[in-house]
Amino acid sequence: MKPVSKVEIIIDALEVEHVTKFLNEIGVSGYSIINDVVGKGHRGVRSGDALTDLFKNSYIMVVCEEKEMHMIVEAIRPIVKKFGGLCIVSDVIMRIHRKSE
Amino acid sequence: MKPVSKVEIIIDALEVEHVTKFLNEIGVSGYSIINDVVGKGHRGVRSGDALTDLFKNSYIMVVCEEKEMHMIVEAIRPIVKKFGGLCIVSDVIMRIHRKSE
Amino acid sequence: MKPVSKVEIIIDALEVEHVTKFLNEIGVSGYSIINDVVGKGHRGVRSGDALTDLFKNSYIMVVCEEKEMHMIVEAIRPIVKKFGGLCIVSDVIMRIHRKSE
Amino acid sequence: MDTSLVINNLIHPPVLFFFLGMIASFCKSDLKIPEPLPKLFSLYLLLAIGFHGGVELRKTGLTHEVVFALSAAMFMAILVPFYAFFILRIKLDVYNAAAIAATYGSISAVTYITAVTFLQTLGLEPGGYMVAALALMESPAIVIGIILARIFAPKKENGEDGFSWSAVFQEAFLNGSVLLLTGSLLIGLASGEEGWDTLKPFTKDIFKGMLSFFLLDMGLLAAKRIGDLKSAGFFLPPFAILMPVLNGCIGVILAKLIGLRAEDALMLSVLCASASYIAVPAAMRLSLPEANPSLFVPMALAITFPFNIIVGIPLYYYLIKRANALFPALLG
Amino acid sequence: MDTSLVINNLIHPPVLFFFLGMIASFCKSDLKIPEPLPKLFSLYLLLAIGFHGGVELRKTGLTHEVVFALSAAMFMAILVPFYAFFILRIKLDVYNAAAIAATYGSISAVTYITAVTFLQTLGLEPGGYMVAALALMESPAIVIGIILARIFAPKKENGEDGFSWSAVFQEAFLNGSVLLLTGSLLIGLASGEEGWDTLKPFTKDIFKGMLSFFLLDMGLLAAKRIGDLKSAGFFLPPFAILMPVLNGCIGVILAKLIGLRAEDALMLSVLCASASYIAVPAAMRLSLPEANPSLFVPMALAITFPFNIIVGIPLYYYLIKRANALFPALLG
Amino acid sequence: MDTSLVINNLIHPPVLFFFLGMIASFCKSDLKIPEPLPKLFSLYLLLAIGFHGGVELRKTGLTHEVVFALSAAMFMAILVPFYAFFILRIKLDVYNAAAIAATYGSISAVTYITAVTFLQTLGLEPGGYMVAALALMESPAIVIGIILARIFAPKKENGEDGFSWSAVFQEAFLNGSVLLLTGSLLIGLASGEEGWDTLKPFTKDIFKGMLSFFLLDMGLLAAKRIGDLKSAGFFLPPFAILMPVLNGCIGVILAKLIGLRAEDALMLSVLCASASYIAVPAAMRLSLPEANPSLFVPMALAITFPFNIIVGIPLYYYLIKRANALFPALLG
Ligand SMILES: Nc1ncnc2c1ncn2[C@@H]1O[C@H](COP(=O)(O)O)[C@@H](O)[C@H]1O
Ligand SMILES: Nc1ncnc2c1ncn2[C@@H]1O[C@H](COP(=O)(O)O)[C@@H](O)[C@H]1O
Ligand SMILES: Nc1ncnc2c1ncn2[C@@H]1O[C@H](COP(=O)(O)O)[C@@H](O)[C@H]1O
Ligand code: NA
Ligand code: NA
Ligand code: NA
């Protein structure tokens with residue numbers, strides 16, 4: 001039972017690798033990704049393209065310490081600014097984690 | 001770094017278009033949709049049907065101002081009431097957004 | 001408009017049935033599942049296997065009363081401890097629900 | 001009834017794969033055909049039969065017999081939902097009665113194909129133009145069902161209920177399966193023999209294999225849906241067997257009256273007897289949201305469909321043979 | 001221009017399925033081919049044409065004619081993005097001009113296939129080695145586009161902009177579609193006639209059927225993307241028609257100069273005229289993120305592609321015939 | 001060893017597509033076959049070989065030779081996990097040793113198919129009834145593996161460990177791939193020649209093409225999984241090569257003893273030598289969750305599978321030929 005931060009990022013599917021590279025560098029304990037997220041934003045409707053991976057978003061969730069959260073936000077800020085999407089943060093309680101607690 | 005509302009809606013996949021029409025009318029800055037959500041609720045197990053889009057849910061997330069949140073909730077209340085699902089709201093911090101901040 | 005708990009579970013895709021069995025026993029009003037979640041954690045990268053359902057996660061979300069939340073956490077603790085993943089909890093406001101409110 | 005007909009029907013590979021699917025599901029095997037592969041097979045089957053039908057229709061032309069057969073099909077597509085509705089009203093509310101009536105008024109393309117396969121094992125070939133009957137019978141029942149619901153449903157307090165006829169016609173005549181079937185039929189009609197030669201290896205040669213694969217999946221799906229009917233009471237399961245028999249018999253009689261060949265008579269009866277589990281449920285969910293899809297989907301998919309492909313098809317064929325034997329005079 | 005050529009092209013089943021897809025989309029039908037089925041078809045088509053081309057190339061060997069045709073193809077792949085870029089700069093910024101130039105310098109395999117199909121309905125068969133031209137023309141335009149952007153783009157303040165040439169070559173020469181096409185071509189080359197006999201039912205017999213299915217989906221996609229061009233202004237839509245005509249004509253002239261047979265001349269023109277909507281957009285998105293994919297994807301997919309398969313192919317063929325009639329001397 | 005055998009095996013299109021997949025992955029190309037398409041191919045292959053085997057088995061009947069071959073197969077399926085387990089215990093804990101032993105006791109259908117293809121290029125055709133051996137050998141190793149784990153694992157403190165034999169048998173004998181293979185075999189058996197004619201274009205003609213596509217994907221997957229073995233130490237990679245060679249040799253000897261034809265001897269050896277990367281890993285994950293799937297999946301998929309299809313198959317065939325040359329007396 002530990003208060004932690006939940007970072008949620010919605011970003012161009014093609015930038016996911018870019019973001020996970022940063023997450024690995026920062027050394028977060030883990031992250032989860034949901035692909036095939038569609039949506040609408042400043043760049044209009046993004047409902048996927050059946051032939052390429054264009055016009056599609058991914059959702060990345062990282063549960064981490066507050067300190068790490070700040071590092072993540074700073075690291076991905078330029079990517080999100082450039083390729084759109086958003087990053088929101090909220091406080092959650094980590095109830096079960098494999099090796100921590 | 002701006003406190004905003006996160007609206008999460010789980011609804012019959014066939015009603016998604018209906019909901020996004022309302023969201024566009026209200027003029028939210030964007031929304032994200034995850035299709036192929038299965039689950040269980042008052043109407044029993046909904047695990048999809050391979051031939052039609054029946055018995056399947058979608059997840060819609062909108063990050064918006066508190067004022068917009070109230071408008072969204074009122075606009076979709078009749079749809080959720082009729083076709084099931086739910087709508088929850090929580091407070092989050094918008095850390096990065098393409099054009100705002 | 002009712003404060004409730006949102007339980008989010010990320011777990012090995014093969015254990016989903018196991019978890020939903022517990023949720024049904026506890027008698028929660030419903031749950032939602034997103035399949036095909038990939039990610040990284042203590043067990044390394046889990047990006048799926050095209051031929052089996054190995055190396056893949058699922059995301060389970062349950063919106064419930066705080067009391068139920070505690071029961072859920074206790075029920076699934078051994079599964080999460082054994083098969084990895086995590087369980088986080090946060091407070092949300094239930095704005096619309098089919099039969100309650 | 002000639003049991004060899006039933007057995008002959010049953011040991012045909014596509015039907016055997018249907019059983020394999022059902023058995024796999026009953027044994028709780030983890031065999032599954034992941035989405036959207038079932039859709040690949042169903043799109044393929046619609047494209048292939050539509051195209052084949054169009055090519056055949058071009059060969060035949062609009063003969064006397066074709067016009068008669070198509071009129072009979074149209075007549076049944078409109079008639080069935082009416083009487084089905086009033087039978088169903090005995091036990092059900094207006095919305096569910098209308099939705100189920102529409103389900104039984106419309107057709108199942110895979111049941112149709114299985115009947116063609118059944119005939120082929122007997123060395124017979126139905127007129128390809130019956131595919132036009134298939135296409136014609138898919139939509140009307142949807143419209144009739146909704147008309148019935150609007151006539152008999154209690155009026156809403158506030159007049160405004162968001163209902164729009166144009167959305168109904170959209171759903172009825174432009175839904176994916178209707179459009180693909182009709183479109184492929186027209187393409188077959190336009191491209192004729194030459195087009196057929198181009199596409200034959202795709203639309204004909206591998207057809208039975210794709211059908212087997214699809215029926216394997218249908219077996220899995222049907223078995224999975226049977227459980228949904230536990231809460232449906234004692235009325236609907238027998239209805240899901242007796243209704244197709246009744247519709248099939250009326251089809252047999254009608255075919256006799258207009259003098260169809262035995263092969264075509266079987267196709268007409270099967271169309272009458274089959275129930276829709278793709279186009280109609282999707283349309284009803286949008287146009288009659290008050291109806292419960294957990295009733296009409298499993299009825300069509302888990303009872304009527306297996307019943308027709310196992311018992312129904314040989315039964316209707318047996319009846320046609322008997323009718324022809326008893327009243328030969330009517331023929332030619 | 002001989003209208004029978006156009007009509008002959010249009011009533012061919014694969015092209016008709018393309019129209020069916022467009023119509024379905026315009027009628028707002030819910031017909032859709034869910035992901036990743038379109039990818040199955042596109043992977044299949046690349047594998048099949050690559051393999052076929054390789055087998056043919058082995059039969060022909062590296063003749064005089066083959067070397068000439070491949071050199072011409074390579075020349076055009078490098079030339080087109082240059083002049084396209086400067087034409088586009090009239091109205092567009094550097095990034096979008098470079099991305100669109102790359103799009104038109106590269107090719108569309110499905111347009112190529114449709115042209116083959118067109119020839120086959122006339123009883124002709126292009127040299128299979130033109131598939132090697134197809135493979136050769138896919139990547140260079142990507143590199144040229146990026147070179148142009150880097151030469152003409154305003155220099156970034158801080159030198160470090162995360163750009164890497166190795167990533168560009170990776171994207172250009174190792175992207176999935178290029179690799180599958182080239183790899184299959186090499187496999188065909190290595191396995192020859194014997195390998196062909198093994199795979200023929202898969203890569204040839206059902207080919208037209210798979211193409212029809214894919215074109216059905218392309219119709220749906222193209223119609224869906226047309227709307228994206230509303231905000232594109234008055235410059236780009238005409239460009240998306242005139243550019244392929246210009247490129248196609250240059251192709252016709254070049255083919256004449258090097259003395260290609262009419263069949264091969266058509267293939268070269270079609271390659272020049274076609275625009276990429278798979279490999280290039282994906283590469284541009286990663287290498288030129290400043291360019292707007294909502295411009296170049298719909299141009300290639302929703303205008304140039306339909307234009308080519310409906311009007312372009314018969315038009316280029318007509319021009320080739322005219323050229324051969326006017327200047328017969330150059331032949332042989 | 002006759003190198004022409006190896007080369008002959010290697011330039012066969014399906015095997016070349018496997019290499020293409022591996023190369024694409026090593027070059028970090030973005031070529032991928034998105035899910036669930038690989039499942040479409042694997043389901044298709046199981047259905048096709050099961051059905052074909054059933055039809056063949058019906059033709060042959062249960063002869064002396066068939067009974068001998070099936071008994072030998074069954075014997076090996078039970079024997080291999082035993083000795084594999086004790087070899088593996090040298091370095092591994094009980095759970096991983098049991099899981100890997102089960103992996104090597106079971107079989108890989110695609111390795112089997114590739115061996116059939118290898119024989120066909122030599123103009124030979126193995127007895128179709130060997131598919132029954134394939135089906136028989138898939139499950140027993142799962143059960144043996146779990147028995148071994150339960151005998152040798154340290155007893156849990158609290159007796160109750162949620163273990164259920166019925167779940168194990170469920171997993172072993174009713175998992176999707178076993179059920180589809182066995183079911184298709186039975187359907188082939190039931191429908192015989194007549195059924196074969198119906199499905200041949202689907203299950204035979206396009207078979208090699210589907211296999212090529214699937215092997216392309218297997219190449220991609222195998223290359224992707226090789227990295228997982230970095231942390232596996234120095235014991236397992238050699239094991240993943242030597243174990244199949246050992247099993248294959250025992251298969252060769254056994255086949256010699258019971259006097260199988262060279263073709264069938266190869267199939268038996270290949271079945272012994274191959275390792276499961278579909279059915280067993282999935283079963284182990286559920287029944288032996290203490291074992292680490294990042295060990296046994298890449299061993300079977302990224303080492304043993306490529307080894308067998310590249311070197312193993314021609315090697316075992318060479319040994320069979322040598323054995324027949326040295327001890328001709330045993331034959332006939
Ligand atoms: N206010 C929002 N709420 C939820 N998702 C959003 C919002 N704005 C943007 N998105 C998501 O982020 C993606 C990219 O946004 P943009 O870069 O603004 O086009 C969109 O396609 C949506 O999926
Ligand atoms: N308490 C809950 N927590 C999470 N998801 C729920 C809950 N109740 C319902 N749902 C989701 O909403 C869908 C529709 O619910 P219902 O209309 O109650 O059948 C279900 O299939 C679930 O996906
Ligand atoms: N800190 C984290 N934040 C988000 N997701 C995580 C985190 N740690 C683990 N996960 C998810 O849980 C799965 C299993 O984790 P593990 O058992 O630690 O390998 C991972 O593949 C991720 O999808
Ligand atoms: Na009917
Ligand atoms: Na071009
Ligand atoms: Na083995």
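Note: hydrogens, waters and symmetry copies are ignored here, and every other heavy atom, side chains too, is used.
A distance of 9.0 Å separates CG in Asp30(E) from CG in Leu179(D), rounded to the nearest 0.5 Å. To the nearest 0.5 Å, the span separating CZ on Phe19(E) from CD1 on Ile187(D) amounts to 10.0 Å. Within the model, atoms CG of Leu174(D) and CG of Leu31(E) stand 10.5 Å from one another, a figure rounded to the nearest 0.5 Å.
Nearest heavy-atom pair across Phe213(E) and Leu40(D) is CZ-O, 4.4 Å. Of all heavy-atom pairs between Gly183(D) and Leu20(E), the closest is CA-CD1, 3.6 Å. Contact record, Gly195(D) with Pro13(E): CA-CG, 3.7 Å, taken as the closest heavy-atom pair. Minimum heavy-atom separation, Pro201(D) to Ile206(E): O-CG2, 3.9 Å. Leu16(E) approaches Ser191(D) most closely through the heavy-atom pair CD1-CB, 4.5 Å.
Enclosure of atom NZ in Lys39(E) by more than 12 non-hydrogen atoms of other residues, nucleotides or ligands within 6.0 angstrom is indicated.
Heavy-atom distances place no part of Thr203(D) under 4.5 Å from chain E, backbone and side chain included. Phe202(E) does not touch chain D: none of its heavy atoms, backbone or side chain, sits under 4.5 Å away. Looking at Pro36(E), both its backbone and its side chain come within 4.5 Å of chain D, counting heavy atoms on both sides. Residue Gln120(E): no heavy atom, backbone or side chain, is found under 4.5 Å from chain D. With a 4.5 Å cut-off on non-hydrogen atoms, Phe51(D) touches chain E through its side chain but not through its backbone. When heavy atoms are compared at a cutoff of 4.5 Å, Ile33(E) approaches chain D by way of both its backbone and its side chain. With a 4.5 angstrom heavy-atom cutoff, Leu47(D) touches chain E only via side-chain atoms. Using a 4.5 Å cut-off between heavy atoms, Lys28(E) touches chain D through backbone and side chain atoms alike.
Among Leu216(E), Leu211(E), Asp205(E), the residue with the largest count of heavy-atom pairs under 4.5 Å with chain D is Asp205(E).
Side-chain contact check for Phe17(E) versus Ser184(D): some heavy-atom pair is nearer than 4.5 Å. With contacts defined as side-chain heavy-atom distances shorter than 4.5 Å, the pair His12(E)/Thr198(D) qualifies.
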